[in-house]
Every structure is written in C-alpha cells, then in structure tokens.
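Every chain is numbered from 1, with letters handed out A, B, ... down the list of sequences. Since the structure is predicted, the reported quantities are computational estimates derived from the model, not experimental observations.
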Number of protein chains: 2
Amino acid sequence: MATPTPTRKRGHDPESVLSIAVGVFNERGYDGTSMEDLARALGVTKSAIYYHVPGKEQLLARALDRALDGLFAMVADERAASGPAIDRLEWVVRQSVRILIDRLPYVTLLLRVRGNSVTEQAALERRREFDGFIGHLVKDAAADGSIRPDVDPALVTRLLFGTVNSIAEWYQPARGASPEDLADALLKMTFNGLRAAPLD
Amino acid sequence: MATPTPTRKRGHDPESVLSIAVGVFNERGYDGTSMEDLARALGVTKSAIYYHVPGKEQLLARALDRALDGLFAMVADERAASGPAIDRLEWVVRQSVRILIDRLPYVTLLLRVRGNSVTEQAALERRREFDGFIGHLVKDAAADGSIRPDVDPALVTRLLFGTVNSIAEWYQPARGASPEDLADALLKMTFNGLRAAPLD
DNA sequence: CCTACCGATCGGTAGG
DNA sequence: CCTACCGATCGGTAGG
C-alpha cells in the first residue's frame, strides 16, 4: 500500500511556491516584494508560506541555483568539446540563449542580483566563475585569429554576453520568437554585423 | 558688500544628497535602501535628509529625470539631422554610449526601474517613448537596405540597445575605456561583426 | 526671524 | 495552513 499523501487543500508545494514567488520577485524586485505580497499571489496568509519554505532568502537561493545549475551544466559539456574556438563560442552563445529562455524567470532574477546578502554574494561568485569561462573561450578565439583582432577580448566578452543577457529584459515566452530564431538573429548581428553586404 | 553665504558645516545641498543617494540606490537597489542607509552615507541623521529633499521617492524621480532628459535632448538633435538612416543610427548609438557613461549612475538606476510606483511608471513610459524613436530609426535603415534584411527590425532594436544598456552593468569610470573607444568596439561588433575578415 | 540640523517618536509594516 | 502576535525597522515628522 502506498503511503497516503498528506492532504493539501490548495495544492501548494515548495515547487509551486517557488515558481509563483519568482514571478513576483521579477515583477516587483526581490527587496520590493514582501511576504504579504507573496501570500496574496499564492492565495494564502503570509504565515502559511513558512509552512512550505523556510523563508524569503531560501526562496531566492533556490531560484538562483536553478539558473546557475543550468549554465554550469553547459560549461561541463563544452569542456568536453573540441574544434575551432569561434565555433565553440557560437555553440555556447546558442546554449546560453536556450537556457535563458528555458529558465527565464530564474535567470532574470540572477541577472538582477547585486550582492545584498550572503545568498546573493554566493550567486555573484558563481556567476563570475561562469563569466571567466566565457572570457577564456573568447580569448582562445582571438588567439587563433578567428575573431577580429582590433577589439579587446575582455570587452568582446562583456558586450557579447551583455547582448545575450539583455534578452531577459523583454522576452515574453507567449508571443516571442523561438530560442533558435532568437539565437540566429543575435549571432547574425554580433558575428556577421548588421550592415548589409555591399553589392559588388 | 556681498551677502554673506549661509554657513554650511557639512556642505550638503539637494545636489550632493541626490548624487550620494543614487550611488547607494545602485549599490543596494532602490527598495533595498532605507533612509537610514542614506543617512549613514551622508554622515547625517535620517531626519536631516528631509531638510534637503521631500522624500525618498522624490530622490528617485529627480535621478530618473537626469537620465531621461539626456536621452531626449539627443532625440531632439537627431530629429533635426539628415543623411542615410544607418549613419544616423550609428550616431545615436554613439551618443547613447556617451550619455550612459556621462550620466552612468542615473542611467543605471533608470535601467533597473520596474514600475513599482507612479514615479517608476512615468519613467518607464518616457523610456518606452525613447525606445519607440530608436525603433523607427532602425526601421528606416532596414527600409533603405542599409542593414541586413534577414533580421526583424524590432528585434535588431532590442538587441542593439540591449548591448548598449548592458554597459551599465559593468562599466567603471575610473579604469574603463573612454566612451569613444567603447562605442567604437560596440559598433565594430554589432555593425561589422566579430568574425575576422576572411583572407583571400 | 534664519539655516542646518538633532533626539525622539509618530502610525504602520517588515520577516518570522 | 490560520490567528495572534514578537522585536525591529520602515519612511516620514514633531518640537526645539
């Protein structure tokens, strides 16, 4: 016989609480969101939230891990890859766009973290590690001559992933382009340039 | 005889309060900043702040106006200009980078606004107006065939200014590139592409 | 009367 | 999960 599931009248579990909470965090900002705001969004009282999760900062920590775990899983895959650096860079950009859209609310939250708490500082530290990995890849592409030599690789890294990350500012899953189309457009602009090819 | 200047022992005026406050807002987030935080940064008591400014939200409103006024002054200039759309777009990108760096703390704050108050909603509305202006310019460049036809102009607008705005995430005036060098690098990437020209 | 604040506290709300 | 609360702190204001 299966153990009977404890009765949950409204059906809230840690997972649904997290996903709704992250939505509210992204709407009002983490600091701008009170536990009362979350309670309203969940349809329960403020205190009831503490039945499901240990507290506000734990919700943030779990959300940030979702984003970072996705990015680091990709890094692990890339480390096993070979081929020209610019192709690997293109693959990483494509995967980053995919993860950003796949885990949009979590990545959005991550991109807004400023280090106001230990939880945020830990997330920033992992994010810096990810950025360092990208930086190496761009440097490799510069060293083998596959990207233009007249721009500093560190600057390219920042600008390129600034473009990727900016997608989180406006992307709406319901009526947006597919991750693939979006990555195509982004790579056309950043790798080949917006200028129409001269007709000769 | 000159009227004697009123004694200001600590030298705080609305301007210095604003500039210090915006620094703290950007560090901790607007909602994450208490008047007590501001007081500490100013070296006065919390109450003393109200002698200089009407309140926290007024500080935000004034800061956001600094950013938006700069951007709209540029729009006014551009409306008087002529020439190929792609050249005007390049000019606008260059000026946007200049303004972003010139007014870095104010633009940074603007880019983080989510509409949590009437003040923030008004700023978002002005920002959307600016974005609409850029959108038109990109559309003009697409219509006259000076930018590649295989990417949606609305998407180009978002990605291009996503790249520009992302500068606010990391730029440090002290040890950063000049606005001109930064705009050069950004335009090289987005207009001409990162790929090294093939040797033929 | 003024400028430039301070110490204390207002009514409400925060996370827990 | 709710009712009933807490220690503390929130943005803002009182008199001097």
Chemist: With A:E90, which residues qualify under salt bridge (charged side-chain N to carboxylate O under 4.0 Å, His left out), at least two apart?
Modeler: A:R94, B:R195

Chemist: For nucleotides 10-12 of chain D, which of its nitrogen or oxygen atoms have a protein nitrogen or oxygen under 3.5 Å away, and what is each distance?
Modeler:
residue	atom	partner	partner atom	Å
D:dC10	OP1	B:S34	OG	3.4
D:dG11	OP1	B:T33	O	3.1
D:dG11	OP1	B:K56	NZ	2.9
D:dG11	OP2	B:M35	N	2.7
D:dG11	N7	B:K46	NZ	2.9
D:dG11	O6	B:K46	NZ	3.0
D:dG12	OP2	B:Y50	OH	3.2
D:dG12	OP2	B:K56	N	3.0
D:dG12	O6	B:K46	NZ	2.5

Chemist: Donor-acceptor pairs under 3.5 angstrom involving side-chain atoms of residues 98-107 of chain A: please list them, not counting sequence neighbours.
Modeler:
residue	atom	partner	partner atom	Å
A:R98	NE	A:Q95	OE1	2.9
A:R98	NH2	A:Q95	OE1	2.8
A:R103	NH1	A:R66	O	2.5

Chemist: C:dT13 P sits how many Å from A:R40 CZ, rounded?
Modeler: 11 Å

Chemist: Give a yes/no on whether any side-chain N or O of A:T45 is located under 4.0 angstrom from OP1 or OP2 of D:dC2.
Modeler: yes

Chemist: Keeping to residues at least two apart or across chains, list the ring pair (Phe, Tyr, Trp, His ring centres under 6.0 Å) pairs with something in residues 19-49 of chain B.
Modeler: B:F25-B:Y30

Chemist: Who passes salt bridge (charged side-chain N to carboxylate O under 4.0 Å, His left out) against A:R28, sequence neighbours left out?
Modeler: A:D37

Chemist: Should the pair B:E169-A:R114 be classified as a salt bridge under the 4.0 Å nitrogen-to-oxygen rule?
Modeler: yes

Chemist: Got a sec, which residues hit side-chain contact (heavy atoms from CB on, under 4.5 Å) with A:F72, two or more places apart in sequence or on another chain?
Modeler: A:L68, A:R126, A:E129, A:F130

Chemist: What distance, rounded to whole Å, do you find between the two P atoms, one in D:dG12 and one in C:dA8?
Modeler: 22 Å

Chemist: Quick one: is D:dC1 close enough that its OP1 or OP2 comes under 4.0 Å of any side-chain N or O from A:H52?
Modeler: yes

Chemist: For DNA chain C, produce a single dot-bracket line, 5' to 3'. Pairs: Watson-Crick or G-U wobble, both distances under 3.5 Å. Symbols: ( ) within strand, [ ] crossing, | other strand, . unpaired.
Modeler: .....|.|....|.|.

Chemist: Just jot down the side-chain contact (heavy atoms from CB on, under 4.5 Å) partners of B:R175, sequence neighbours excluded, or say none.
Modeler: B:Q172

Chemist: Could I get the full list of side-chain contact (heavy atoms from CB on, under 4.5 Å) partners for A:A41, not counting sequence neighbours?
Modeler: A:I20, A:V24

